[in-house]
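We're numbering straight along the sequence, starting at 1.
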Amino acid sequence: MKSKASQSQGLLLFRLSQTQVFALGTLKVRELVPYTRLSKIPQSHPTILGASTIRGHTIPIIDMAAAIGYRPIAPEEREKCYIIITDCQRMIIGFLVRGIDKIIECNWRDIEAPSSSLGKNAYLTGVTRFEDQLVQLLDVELLLSKIFPDDPQTNRAILTDVQREKLKPMNILLVDDSKVARKQLSDALDMINIPYRVTADGKEALVMMEQAALEHHPIDILVSDIEMPGLDGYELAFEVRDNPLTAKAYIILHTSLSSEISVSQAHQVGANEALTKFDAHELIDAMLRGADLALDKR
């Protein structure tokens with residue numbers, strides 16, 4: 001049976017320097033606009049150049065080159081630059097970049113995890129090649145977490161004793177290729193003392209679920225990112241539902257995209273829920289619904 005999950009991912013290629021090509025998934029991109037005059041935002045992060053009003057929205061504009069450690073875009077360069085308007089993590093943000101190349105179609109399976117030698121602060125979720133050039137996929141979640149640190153309340157869910165006892169026996173697996181998102185998910189469960197397993201890779205998640213089922217401790221609740229290299233969340237959900245060993249898992253897909261498309265597609269591939277990350281309250285509420293369903297089946 002063929003998966004309904006599309007393996008094709010649109011990538012917007014752009015430049016922050018003369019040589020290196022970077023990319024963002026097109027689902028995160030709202031529009032591209034030429035540089036426009038900016039009004040200063042007092043006491044903002046040093047990489048925020050100011051704000052621009054675009055289609056009635058006042059949007060903070062970030063110098064993406066400076067934000068990831070490249071040479072900042074000088075004021076005299078800006079007239080030739082473009083702003084990428086993104087819709088990510090419930091925020092509309094503009095990124096000023098030195099140049100826009102093109103949009104390409106890329107198969108998720110052709111995107112590899114970045115080398116661990118790049119260190120913790122490499123703002124990458126993956127790398128691929130296009131026309132013999134290395135293309136680096138930027139980790140927008142990591143970038144935004146440095147510029148707009150999380151409100152601690154977003155990461156803290158409060159459970160009653162009854163709810164905690166309901167969740168504790170559940171076998172929970174978290175899957176996300178973004179370091180920031182993995183930490184957010186882990187912190188949310190650590191704070192309420194709920195055990196879980198975690199991986200950065202969709203293929204590995206599938207293997208872990210099959211192994212757990214064979215050992216008679218099947219995964220009850222799977223929480224997975226949607227946009228991942230190798231095996232994306234839609235494909236993972238489909239494979240989980242299609243395998244009798246893992247099919248009973250309660251699947252929660254989460255995405256940084258503020259998009260209804262993600263939600264409808266998540267249901268098509270067999271996911272129980274789709275959440276726009278990140279809100280610990282929403283995540284825990286979804287897990288409790290999964291726990292209720294799992295307990296009903298036992």
Just wondering, do [Y] and [X] contact through their side chains at under 4.5 Å, heavy atoms?
X	Y	answer
Val135	Arg129	no
Phe148	Ile93	yes
Val180	Gln184	yes
Leu138	Phe14	yes
Leu189	Met287	yes
Leu159	Leu288	yes
Leu142	Thr125	no
Val21	Leu134	no

For the backbone of [Y] and the side chain of [X], can you confirm whether one donor and one acceptor N or O come within less than 3.5 Å of each other?
X	Y	answer
Asp176	Arg182	no
Thr199	Asp201	yes
Arg241	Ala249	yes
His57	Ile59	no
Thr246	Glu210	no
Ser186	Lys183	no

Closest non-hydrogen atom pair, [X] against [Y]:
X	Y	answer
Thr58	Ala51	CG2-CB, 3.8 Å
Ile219	Arg197	CD1-NH1, 4.4 Å
Cys106	Leu11	CB-CD1, 3.7 Å
Ile73	Cys81	CG2-SG, 3.8 Å
Ile85	Gly94	CD1-CA, 4.2 Å
Ala65	Arg71	CB-O, 3.5 Å

Which value, rounded to the nearest 0.5 Å, describes the distance between [X] atom [atom1] and [Y] atom [atom2]?
X	Y	atom1	atom2	value
Leu32	Ile103	CG	CD1	6.5 Å
Leu245	Met209	CG	CE	10.0 Å
Arg30	Ile84	CZ	CD1	15.0 Å
Ile83	Ile62	CD1	CD1	11.5 Å
Thr128	Ile104	OG1	CD1	7.0 Å
Ile192	Asp187	CD1	CG	11.5 Å

Other residues, nucleotides and ligands only: do more than 12 of their heavy atoms fall within 6.0 Å of CD on Glu76?
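Atom CD in Glu76 is packed in, count exceeds 12.
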So with a 6.0 Å cut-off around OH of Tyr70, is the heavy-atom count from everything else above 12?
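Enclosed.
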For Tyr250 and Glu273, does a side-chain donor sit closer than 3.5 Å to a side-chain acceptor?
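There is such a pair (donor and acceptor under 3.5 Å, judged by atom type) between the side chains of Tyr250 and Glu273.
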Taking Val97 as the fixed residue, which of Leu16, Leu12, Asp63 is the one that meets the side-chain contact (heavy atoms from CB on, under 4.5 Å) rule?
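Of the listed options, the one satisfying the test is Leu16.
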For Asp225, run the side-chain contact (heavy atoms from CB on, under 4.5 Å) check against Asp177, Asp232, Val175 and tell me which one passes.
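Output: one option passes, namely Asp177.
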Same apolar cluster: [X] and [Y], side chain cutoff 4.5 Å:
X	Y	result
Ile251	Leu231	yes
Ile41	Ile147	yes
Val33	Leu13	no

